[in-house]
Colleague: 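Take this structure first; my questions come after.
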Number of protein chains: 2
Amino acid sequence: MTDLRNDEPELLTPHEVATLFGVDPKTVTRWARAGRLTAIRTLGGHRRYVGSEVRALIAPRTTPRVTARVSLGTE
Amino acid sequence: MTDLRNDEPELLTPHEVATLFGVDPKTVTRWARAGRLTAIRTLGGHRRYVGSEVRALIAPRTTPRVTARVSLGTE
DNA sequence: CCCTAATCGGGTAATTAGGGAG
DNA sequence: GGTGTCCTAATTACCCGATTAG
């Protein structure tokens, strides 16, 4: 990681993406077919997905479990 | 693959969570809508719930006294 | 070269989301 | 106020055999 010029994106296998989303690898393939995911094809026809793209789509919807009430709010 | 870093949360389907709680999947959906459960959305709109979160809420561990009434109703 | 696991395809059942009424 | 059931449309999961990845 000491390489500042790393143009190579982190590529994930369908199985990896499926695990991240909690779905079946086939479903990930369906998303790629629908154009919802950027897919890179290997010479054999298998798909590889960009890690940054996938992680951004997972939507960090972490519940705002009331950490600290921001004051000065009209509550 | 000595993968010691297993950050991937175990994601459960609505049916799984409903079975664990003994309620209907619809009710689980309502909980997610109310923000009482952390939900990850698939690209198709389906929800996946974090296993650790769910298991923590079920709390098979006899909590010290006070069955903990998880209030947090401080809205 | 052979091997195991994963991913291609397509097709069909099961599940889920959403709203509405009891 | 919260929950279970009914409906339709959309999405997802599992089945097969063949090919690719490593």
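Treat the numbers as computed from the prediction; the structure is a model and nothing was measured. Throughout, a chain's letter reflects where its sequence line sits, starting with A, and its residues are numbered from 1.
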Colleague: May I ask you to verify whether the side chain of Arg30(B) and the base of dG4(D) hold a donor-acceptor pair under 3.5 Å?
Modeller: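 Answer is yes: a donor-acceptor pair is held.
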Colleague: Hey, does the side chain of Trp31(A) come within less than 4.0 Å of dT11(D)'s phosphate (OP1/OP2), counting only N and O?
Modeller: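 Checking Trp31(A) against dT11(D): no side-chain N or O falls below 4.0 Å of OP1 or OP2.
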Colleague: Who is the Watson-Crick or G-U wobble partner of dT7(C), with both distances under 3.5 Å?
Modeller: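 Pairing partner, where one exists within any strand: dA18(D).
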Colleague: Any donor-acceptor pair, under 3.5 Å, between the side chain of Lys26(B) and the base of dG2(D), if you only look at N and O atoms?
Modeller: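 Donor-acceptor pair under 3.5 Å: no.
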Colleague: Counting heavy atoms from C-beta on, name the nucleotide in dT7(C), dT16(C), dA17(C) closest to the side chain of Thr13(B).
Modeller: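 For Thr13(B), the side-chain atoms sit closest to dT16(C).
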Colleague: Between Leu12(B) (CG) and dA13(D) (C1'), how many Å, whole number?
Modeller: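 Answer to the nearest Å: 16 Å.
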Colleague: Can any side-chain N or O of Thr27(A) pair as donor or acceptor with the backbone N or O of Val23(A) at less than 3.5 Å?
Modeller: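 Not at all, since once roles are kept as given, no pair shorter than 3.5 Å links the two residues.
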Colleague: Please tell me which of Pro25(A) and Pro14(B) maps to the more 5' nucleotide of DNA chain C, matching each residue to the nucleotide holding its nearest heavy atom.
Modeller: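 It is Pro25(A), whose closest nucleotide lies nearer the 5' terminus.
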Colleague: Considering only dC6(D), dA13(D), dA21(D), which nucleotide approaches the side chain of Arg48(B) most closely?
Modeller: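 Selected nucleotide: dA13(D).
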Colleague: Given dC15(D), dA17(C), dT20(D), which nucleotide is nearest the side-chain atoms of His46(B)?
Modeller: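 The answer is dA17(C).
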Colleague: Leu43(B) CG to dT16(C) P: how many Å, rounded?
Modeller: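 The distance from CG of Leu43(B) to P of dT16(C) comes to 18 Å, rounded to the nearest Å.
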Colleague: Please figure out whether Gly44(A) or Gly22(A) has its closest DNA chain D nucleotide nearer the 5' end.
Modeller: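 Result of the comparison: Gly22(A).
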Colleague: With a 4.0 Å cut-off on N to O distance, would you call Arg55(A) and Glu10(A) a salt bridge?
Modeller: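 Between Glu10(A) and Arg55(A) there is a salt bridge, with a charged N closer than 4.0 Å to a carboxylate O.
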Colleague: Going by heavy atoms in the side chains, are Pro14(B) and Arg48(B) under 4.5 Å from each other?
Modeller: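 Answer yes - side chains close enough.
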Colleague: Nearest whole angstrom, please: distance from the C1' of dG11(C) to the CZ of Arg33(A).
Modeller: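 Rounded to whole Å, this separation is 12 Å.
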Colleague: Measure from the side-chain heavy atoms of Thr27(B) and tell me the nearest of dT12(D), dG9(C), dT3(D).
Modeller: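 Nearest listed nucleotide: dT3(D).
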Colleague: How close or far is atom P of dG9(C) from atom CG of Asp24(A), stated in whole angstroms?
Modeller: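 The answer, rounded to whole Å, is 15 Å.
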Colleague: Could you state the NE2-P distance from His15(A) to dG22(D), rounded to the nearest angstrom?
Modeller: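 The answer, rounded to whole Å, is 15 Å.
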Colleague: Backbone N or O of Thr29(A) within a donor-acceptor pair of the Arg47(A) side chain at under 3.5 Å?
Modeller: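 Looks like no, no N/O pair under 3.5 Å.
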Colleague: Can you tell me how far C1' of dT15(C) sits from OH of Tyr49(B), to the nearest Å?
Modeller: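 Taking atom C1' of dT15(C) as the reference, OH of Tyr49(B) is at 12 Å.
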Colleague: Looking at dG18(C), I'd like to know if its phosphate oxygens (OP1 or OP2) sit under 4.0 Å from a side-chain N or O belonging to Thr29(B).
Modeller: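 It does not, given that no N or O in the side chain of Thr29(B) lies less than 4.0 Å from OP1 or OP2 of dG18(C).
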Colleague: Nearest to the Arg47(A) side chain among dA21(D), dG9(C), dG18(C), which nucleotide is it?
Modeller: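 Closest nucleotide to the Arg47(A) side chain: dG9(C).
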Colleague: Are any of the side-chain heavy atoms of Phe21(B) and Ile58(B) separated by less than 4.5 Å?
Modeller: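 Touching, per the 4.5 Å side-chain cut-off.
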Colleague: Rounded to the Å, how far apart are Leu37(A) CG and dT12(D) P?
Modeller: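 Atom CG in Leu37(A) sits about 11 Å away from atom P in dT12(D).
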Colleague: Would you kindly give the CG-to-P distance between Leu11(B) and dT12(D), to the nearest whole Å?
Modeller: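 So the two atoms are 14 Å apart, to the nearest Å.
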